[in-house]
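Notes for the one structure printed next.
Atoms within a ligand are numbered from 1 in the order they appear, just like the ligands themselves.
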Amino acid sequence: MKIAVLPGDGIGTEIVTQAVRVLNALDLAFEMEHAPVGGAAYDLHGHPLPTSTLRLAQAADATLFGAVGDWKYDTLERALRPEQAILGLRKELALFANFRPAICYEALIGASSLKPELVAGLDILIIRELTGDIYFGQPRGRRIAGDGHFPGSQEAFDTMRYSRPEIERIAHVAFQAARKRNQRVTSVDKANVLETFQFWRDVVSDVATHYPDVELEHMYVDNAAMQLVRAPRKFDVVVTGNLFGDILSDEAAMLTGSIGMLPSASLNASNQGLYEPCHGSAPDIAGKNIANPLATILSAAMMLRFSLGQAEAAERVEAAVKSVLKQGLRTTDIFSEGNTLVSTSEMGTAVVKALSQTTSN
Ligand code: IPM
Ligand code: MG
């Protein structure tokens with residue numbers, strides 16, 4: 001089991017260190033190799049995704065990714081900015097299926113921005129298409145407008161597009177995921193305005209005929225954004241395109257109390273995957289040993305389950321995380337009166353300790 005470890009920037013190093021400690025405590029035969037990515041890689045090699053880092057990720061069964069980005073790189077040309085590393089990895093490894101679970105842990109109900117009765121028991125799985133849509137559509141750029149309201153003026157443009165096979169494969173992923181959950185899929189689109197998403201709706205409906213046991217509902221993205229804060233528990237699996245998925249997954253994350261708790265998995269057709277916390281590099285708190293490592297530790301659990309075939313170990317890690325929360329241990333982002341405030345490394349230590357106290361059954 002080969003794991004590429006790419007800590008990246010900001011709090012990336014601190015949180016990945018804790019996830020690696022947890023993995024090592026499992027006593028499984030991992031081969032882990034570290035490489036720089038993002039701003040850290042730009043500083044060392046002049047590029048956010050150096051060839052050596054990309055090759056390492058390509059050769060690995062799974063990549064454990066921290067976070068990338070820092071204000072100091074914001075003035076670089078787009079192709080050299082840290083975010084290009086994550087977009088490049090998605091594209092080069094064909095990681096088209098992004099899983100973003102939004103689970104409200106019982107111990108954290110009070111940390112949600114919504115009333116406890118709306119989020120108690122919340123368990124949504126957002127499946128975001130990750131290698132198509134307006135993120136990667138060509139052409140894009142700047143030009144002088146030939147028509148429109150201001151001909152002859154400067155304009156910028158991007159291309160939104162999806163092909164039938166791209167929509168079909170992500171729809172299959174969603175229906176199959178729903179089969180293992182509550183048999184409901186909400187497909188989010190903007191079919192009332194966009195050609196791309198009328199097509200999306202049509203193709204998802206076609207795929208649905210293969211899954212008569214799963215209930216499919218179509219929803220416009222504006223309504224979905226509203227329903228997520230009105231009655232979030234009505235959702236089971238949400239499947240959507242790259243751009244809408246980016247936005248809705250942040251919204252769903254906040255329902256759970258802290259984005260510091262949310263893991264993610266990005267998979268290709270052969271289950272090779274990249275695993276990263278949903279939060280970013282948080283440069284404002286980097287190096288202070290206060291970031292929440294649980295999203296990264298839970299991402300490592302997803303890695304064990306999806307790419308490494310170690311479902312039992314994944315369950316042990318998830319149980320250990322629940323156990324430390326139950327013990328009242330909290331990093332600052334999820335801290336409230338009556339709990340015990342711990343640092344990043346103390347949280348890692350607590351999870352490792354809880355692991356040794358849990359068994360797989
Ligand atoms: C995410 C992030 C990325 C995205 C950025 C960093 C390129 O917001 O993973 O959601 O937009 O996909
Ligand atoms: Mg995002």
Inset, instruction - Could you tell me which atoms of ligand 1, counted from 1 in the order shown, lie closer than 4.0 angstrom to a heavy atom of Tyr135? - result: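 Near Tyr135, the atoms of ligand 1 are 4 (C), 11 (O), 12 (O).
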Legend entry - Ligand-residue contact atoms, ligand 1 with Arg128, heavy atoms, under 4.0 Å: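 Those atoms are 1 (C), 4 (C), 9 (O), 10 (O), 11 (O), 12 (O).
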Inset, instruction - Working to the nearest 0.5 Å, report the span between CG of Leu114 and OG1 of Thr256. - result: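 Between atom CG of Leu114 and atom OG1 of Thr256 there are 10.0 Å.
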Inset, instruction - Could you tell me whether Arg55 and Glu33 make a salt bridge, using a distance below 4.0 angstrom between a side-chain N and a carboxylate O? - result: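 Glu33 and Arg55: not salt-bridged.
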Legend entry - Greater than 12 external heavy atoms within 6.0 Å of Arg233's CZ: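 Yes.
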Legend entry - Proximal candidate to atom 12 (O) of ligand 1 [heavy atom criterion; set Glu83, Arg100, Arg90]: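 Considering heavy atoms of Glu83, Arg100, Arg90, the nearest to atom 12 (O) of ligand 1 sits in Arg90.
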Legend entry - Closest non-hydrogen atom pair, Glu166 against Gly132: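 In this case the closest contact between Glu166 and Gly132 is OE2-CA, 3.7 Å.
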Inset, instruction - Using 2.8 Å as a strict upper limit, say whether an N, O or S atom of Asp246 approaches the Mg ion (ligand 2) that closely. - result: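 It does; at least one qualifying atom falls short of 2.8 Å.
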Inset, instruction - Report the nearest protein non-hydrogen atom to atom 10 (O) of ligand 1: residue, atom name, distance rounded to 0.1 Å. - result: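 Nearest neighbour among protein heavy atoms for atom 10 (O) of ligand 1, to 0.1 Å: Asp246 OD1, 2.9 Å.
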Inset, instruction - Please check if a non-hydrogen protein atom sits closer than 4.0 Å to atom 5 (C) of ligand 1. - result: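 Given the 4.0 Å limit, the answer for atom 5 (C) of ligand 1 is no, no protein heavy atom qualifies.
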Legend entry - Identified side-chain contact (heavy atoms from CB on, under 4.5 Å) partner of Phe99 from the options Leu130, Val173, Val237: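 Considering Leu130, Val173, Val237, a side-chain contact (heavy atoms from CB on, under 4.5 Å) with Phe99 is found only for Val173.
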Legend entry - Within reach of ligand 1, part of His279 (heavy-atom separation under 4.0 Å):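 Neither; nothing of His279 gets under 4.0 Å from ligand 1.
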Inset, instruction - Flag this pair as yes if the NZ/CZ of Arg179 is under 6.0 angstrom from the six-membered ring centre of Tyr211 and inside a 45 degree cone about the axis; otherwise no. - result: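 Arg179 over Tyr211 ring: no.
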